[in-house]
Amino acid sequence: MAYNRDIYEKAQKIIKDRREASERAAEVRTRLFDSLEPEYGKLRQEMILSVKEAIKSIDMKPEEAAVFLQKQKIRNLNAQQQIRALLEKHDLPEDYLEVKYQCPRCDDTGIDGNRLCECHLEILKKLAYDEAGSKSPLKFCSFGDFRLDYYSDKVNPEYGCSPRQRMGEILEYCKSYAATFDADSPSLLFYGETGLGKTHLSLSIAGEVINAGCSVIYNSAQNIFNELQKERFGKGDADGRFEPMVLECDLLVIDDLGAEFSTQFTNAALYNIVNTRINSGLPTIISTNLNMKGIEERYTRRVSSRLIGEYAVFSFIGEDVRQIKTERAE
Ligand SMILES: [Zn+2]
């Protein structure tokens with residue numbers, strides 16, 4: 001994936017800050033130990049001296065140099081040995097004085113051999129998703145403020161259960177979905193009237209999955225299609241990164257499908273997203289006011305049959321919760 005310069009610069013700053021923080025922390029530990037154990041300063045000096053002395057061997061005859069070097073080596077190892085004993089005396093780990101980098105693969109330089117280290121790529125990816133997410137007008141919700149008491153507990157004969165019971169089951173499913181989310185998680189389709197909590201639950205899942213460190217794109221169908229269209233037709237500040245993110249992120253949440261202005265482009269884009277992500281085994285969550293018949297009429301049968309065949313489908317029932325909330329607040 002290609003990133004813009006701004007993202008590269010931010011990533012480099014993060015890596016530099018990491019490295020400096022690790023080095024500062026080691027310095028602080030060294031100073032602490034120095035004040036705790038006066039012997040330590042002398043032993044460190046002894047180690048430095050042994051290395052300086054060793055350089056003198058350059059001017060010596062080979063046999064003489066070998067003996068001299070061996071002597072300096074023993075001197076150095078002895079000092080190291082005594083430092084370890086001092087650490088042990090204070091119940092400190094053997095590597096207490098060493099710099100502990102966050103990424104042992106690249107020692108927080110961001111470079112592994114002759115390529116970018118995994119840690120560097122992770123930072124780039126996260127920055128790109130943060131940027132994509134910040135374009136979203138949707139705010140995260142949590143499961144904690146999902147109110148089941150807004151749903152009626154009267155049995156609805158059409159469904160054979162009360163809206164509260166149905167929504168309680170869906171809520172539990174969503175919680176465990178979010179808690180155990182991985183690449184094998186199924187795709188979900190939430191459908192039902194406006195104001196029944198579809199957006200609330202899909203955003204609650206998105207929030208938890210992001211916290212677990214996965215890459216998530218969440219946005220309304222209208223905004224997703226707008227961004228894709230800008231990219232496709234090269235308008236505005238589009239830089240070609242949005243489509244790969246939509247197709248490759250760990251979880252894609254498309255909110256309010258069907259509310260967008262429908263064109264040939266949006267219909268083809270939806271099929272491409274649904275199909276590509278199913279083929280790559282990547283989970284997607286779609287919420288919509290349309291029922292299956294509505295989806296088929298609007299996006300053709302090839303879209304609806306993929307959704308029915310591959311998505312876990314949840315029908316939200318009840319009365320508009322947003323309306324009830326407003327009425328109760330009055
Ligand atoms: Zn690294």
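Numbering of residues begins at 1 and proceeds along the displayed sequence. In each ligand, atom 1 is the first atom listed, and ligand 1 is the first ligand listed. Both backbone and side-chain heavy atoms feed into the values below; hydrogens, waters and symmetry mates do not.
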| query | Do other residues, nucleotides or ligands put more than 12 heavy atoms under 6.0 Å from Arg84 CZ? | reply | yes
| request: Output the distance between atom SG (Cys174) and atom CD1 (Ile205), rounded to the nearest 0.5 Å. | output: 4.0 Å
| Test ring pair (Phe, Tyr, Trp, His ring centres under 6.0 Å) applied to Tyr40 - qualifying residues, sequence neighbours left out | Phe33
| query | Applying salt bridge (charged side-chain N to carboxylate O under 4.0 Å, His left out), which residue pairs with at least one partner in residues 58-76 are found, sequence neighbours left out? | reply | Glu46-Arg75
| message | I'd like to know whether Phe190 forms a ring pair (Phe, Tyr, Trp, His ring centres under 6.0 Å) with Phe316, so could you lay out the CA-CA distance, the side-chain angles of the two residues, the decisive distance to 0.1 Å, and finally the verdict. | response | CA-CA 7 Å; Phe190 295 159; Phe316 284 52; 5.0 Å; yes
| field | Those residues that, when tested against Tyr159, pass ring pair (Phe, Tyr, Trp, His ring centres under 6.0 Å) (two or more places apart) | value | none
| message | Short of 2.8 Å from the Zn ion (ligand 1), name each protein N/O/S atom, waters not counted. | response | Cys103 SG, Cys106 SG, Cys117 SG, Cys119 SG
